[in-house]
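Below is one structure, written out as structure tokens; comments come after it.
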Amino acid sequence: MTPSSKELKRLLIVALFTFFLFALLILQFYKIQILECDKWVHIAKKQHQQLIKEKAKRGLFYSNTSVKEGHKEEAQAFLCDIPTFHLYADPLSIPTEKRDGVSRLLNQVLQLKGEEFLKLRAQLDKISRSRRLTLFLDQEQQKAIQKLWLPFAKKEKIASNALFFIQDFKRSYPFGKLLGPLLHTVREEKDPKTGEVVPTGGLEMLFNNYLTGKDGKRLILRSPRHPLDAGELISSPENGADVYLSINHYLQAIAEEEIEKAVVQAEAKGGWAVMMEPNSGEILALAQYPFFDPSDYRKFFNDPKLQEQTKIKAVTDPYEPGSIMKPITIAVTMQANAELKQSGKKEIFSPSEKLETRNTHFPGRSKPLKDLYSHNYMNLPLAMQKSSNIYMARMVQRVVEAKGAEWYRHALQTIFGFGIKTGVEIPSESGGLLPTPGKKHPSGALEWSAPTPYSLAIGHNILATSMQMLRAYAIIANGGFDVQPTVVRSIIKTKSDGSRETLFTHQPQEPKRLLDPQISRELIRVMKYVTKPGGTAWRADVPGYTEAGKTGTSEKIIGGTYSKKDHISTFIGFTPAENPRFVLIVVIDEPATKYIPGVGKNHMGGFCAAPAFARIAERSLHYLGVEPNDPHGYPKGDPRHNPKQADWFEETQELLKLHKAWNG
Amino acid sequence: MSFSNSTTILSAPKIETRTFTLPTALLIRLGICLLCTAWCLYNNIEMQNQITELQIEIPEMAKEIRLIQEENQRLQLEVIRFESPQQLLYQAGKSEFANLRQPLAKDVLTLQRP
């Protein structure tokens with residue numbers, strides 16, 4: 001039977017229509033697969049893939065483990081980064097009716113209460129594929145959540161990666177508060193805009209650019225079977241560079257332990273001790289009490305009273321140095337002497353010259369200048385040993401008469417750097433204040449007037465930081481060379497292939513002579529009397545070693561006036577006296593103003609700061625393996641005690657005789 | 001309808017049939033080729049299987065390594081805490097260690113590696 005033409009026609013129409021439909025389908029395929037390929041691939045990837053950050057490790061701070069000669073120890077970090085976990089959820093993968101169960105399950109570990117729990121529950125209702133539930137879980141919490149979650153997800157038929165963890169790193173301080181104010185820390189909350197860590201201050205802030213690494217990227221698939229930690233690594237994380245400090249952790253611990261004891265004993269508000277290598281300028285220890293514990297930083301920043309403890313007072317708080325300025329005065333006088341001699345003029349001073357030192361008036365001063373104990377006559381060693389104000393003022397009077405006030409000020413600034421920041425790598429450093437002729441204080445009073453040089457001679461009318469004083473003494477200790485204080489030795493970046501790239505190295509500057517070596521030697525000689533019998537700081541005598549130094553006690557300026565009950569007491573010195581291993585300053589802030597019968601005034605530097613100097617110095621020299629150079633210079637009761645054979649015995653005896661002869 | 005006897009029946013044209021016989025050498029060659037192909041194919045599949053096996057093992061191993069690293073870090077932290085200078089100073093202050101002294105620098109002998 002042959003189909004009729006009508007039937008054939010109908011068949012043709014059906015065939016054409018079917019063909020047309022297929023053609024449409026092919027066109028649609030072409031559109032989707034070829035023309036809109038990128039768009040649909042992007043949408044598909046968005047649905048099935050997630051790009052997460054592979055966290056880079058922040059650089060660490062390392063101790064200086066090569067302080068012992070020929071005995072370098074392994075690198076030792078002051079802190080470490082421990083892994084921590086942020087818990088995230090993919091709410092769209094959790095059925096609405098099961099979200100209450102999930103939140104209750106999580107709370108078995110998180111133990112959230114009230115509003116905090118409601119906040120977490122609300123996150124599960126957000127229309128999102130990634131909501132942050134909680135931050136900084138430790139490994140145990142992470143494991144506990146996983147242990148509960150996986151069987152629950154299986155039982156409730158929820159995709160197991162509907163909850164997932166993102167690993168991060170958290171600063172941890174195995175040495176506790178050690179070096180806290182210098183290191184500081186980073187805040188737990190990151191910058192909401194950039195996602196970068198926010199340092200709280202200190203070296204973390206100063207070296208943030210070096211310490212910050214570059215996060216990597218990892219692509220993970222959203223599928224119930226796909227483990228989140230095995231996605232494709234798109235780019236490897238680049239860890240931050242490590243900062244190698246000049247500070248040694250052991251010396252730091254000694255300094256912190258001793259400064260704490262000294263502050264407690266003196267019933268003081270606080271105190272600090274800074275140790276510096278006099279030739280390289282490397283800071284070996286920088287202790288401060290009360291301590292700042294970086295792992296509990298919120299406590300300190302939320303309380304205005306505790307905020308004080310977060311700054312390094314040795315560089316941020318200048319104060320009137322008092323008598324520790326006297327060796328500087330003598331150095332400047334000797335420098336003037338040397339210049340006068342060189343130009344063929346008459347010298348203004350001789351260390352052995354007998355000088356009248358009774359309480360006396362100086363031009364421009366309304367009150368006579370006094371010594372703590374009145375003396376009739378003194379020479380330089382006696383003046384240094386007894387810390388005579390009048391002797392120092394007389395010296396400066398001669399300097400100003402011979403060279404002018406401008407020269408004197410210039411010498412203080414250019415040789416010893418007063419009024420200028422030392423440039424040490426610690427934030428918020430103060431340059432102190434060196435009065436300038438013609439310049440006015442905010443109160444309107446002139447900074448420099450006729451009696452100013454006499455005040456400067458005894459460490460008044462000048463503001464200096466402990467770091468500036470340390471540098472000045474280092475110049476004396478190292479034979480007269482310039483020195484740049486530093487806390488950083490190098491910054492090194494370790495690459496992913498294990499190679500190391502040095503980004504910064506502290507280069508010792510070209511030795512620049514600031515003082516004649518003869519001046520340095522003479523100053524060391526006279527400062528050695530200070531810690532010997534008859535001196536103001538015999539408590540600073542370091543058992544078994546020679547030392548040279550000076551005490552200082554100054555009244556604090558509170559509300560623009562000198563306070564009679566608030567003092568700053570200092571001892572600064574170096575040991576051994578010849579080729580010193582370090583210069584050390586110990587400052588006690590506001591020791592209790594009281595008289596201890598049979599002992600003396602508690603607030604004097606020779607009483608509260610000097611013993612701490614001796615203890616820190618002795619323990620540090622033992623640690624450094626420095627051979628005792630005064631083998632008989634031990635205190636009474638020690639079997640090695642033999643004062644007649646001890647260093648500087650004869651010289652001290654002669655000075656005692658001289659003092660008796662001149663002053664009765 | 002019938003055919004008369006006188007009708008001449010045309011004989012069918014004679015078709016010349018040829019039989020192709022493959023030479024033995026060629027057969028052997030083909031056989032070798034097939035064997036090689038099969039061997040290569042088998043190896044390829046085997047390799048793919050091994051790669052797949054490794055791909056399955058990688059996440060497990062990565063997890064294992066991560067756990068070991070975490071444990072290592074935890075132990076390192078314990079060691080650092082134990083050897084902290086404060087802890088050493090505290091130990092050094094104990095009477096049982098009073099006989100111990102820090103060595104002098106001159107007493108420390110450093111041997112250079114040859």
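Just so it is clear: chains get the letters A, B, ... in the order the sequence lines come, proteins before strands, and each one is counted from 1.
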Do any of residues 40-53 of chain B come closer than 4.5 Å to chain A, heavy atom to heavy atom, and if so which ones, in number order?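 Hits under 4.5 Å: none found.
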
Heavy-atom pairs under 4.5 Å with chain A are the metric here; pick the option from B/Leu109, B/Leu89, B/Asp107 that has the most.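 Result: the option with the highest number of such pairs is B/Leu89.
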
Under a 4.5 Å heavy-atom cutoff, which of B/Arg101, B/Gln102, B/Gln69 has the most pairs with chain A?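 So the answer, after comparing B/Arg101, B/Gln102, B/Gln69, is B/Gln102.
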
Side chain, backbone, both or neither: which part of [X] has an atom under 4.5 Å from a heavy atom of chain B?
X	result
A/Ser172	side chain
A/Ile254	both
A/Gln139	side chain
A/Gln167	side chain
A/Glu256	neither
A/Leu624	backbone

State whether a side-chain donor-acceptor pair under 3.5 Å links B/Gln86 with A/Glu257.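 No.
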
Measuring heavy-atom distances to chain A, does B/Gln73 have an atom under 4.5 Å in its side chain, in its backbone, in both, or in neither?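 The side chain, not the backbone.
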
[atom1]-[atom2] distance between [X] and [Y], expressed to the nearest 0.5 angstrom:
X	Y	atom1	atom2	result
B/Ser84	A/Tyr250	OG	OH	10.0 Å
A/Lys143	B/Leu67	NZ	CG	6.0 Å
B/Leu88	A/Tyr623	CG	OH	9.5 Å

Can you confirm whether A/Pro628 sits close enough to B/Leu104 that some side-chain heavy atom of one is under 4.5 Å from a side-chain heavy atom of the other?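 SC-SC contact between A/Pro628 and B/Leu104 confirmed.
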
Does A/Gln76 reach the side chain of B/Ile80, with side-chain heavy atoms less than 4.5 Å apart?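 In short, these two side chains touch, coming nearer than 4.5 Å.
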
List the atom of B/Glu70, the atom of A/Pro83, and the distance in Å for their closest heavy-atom pair.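 Heavy-atom minimum between the residues: CG-CG, 4.4 Å.
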
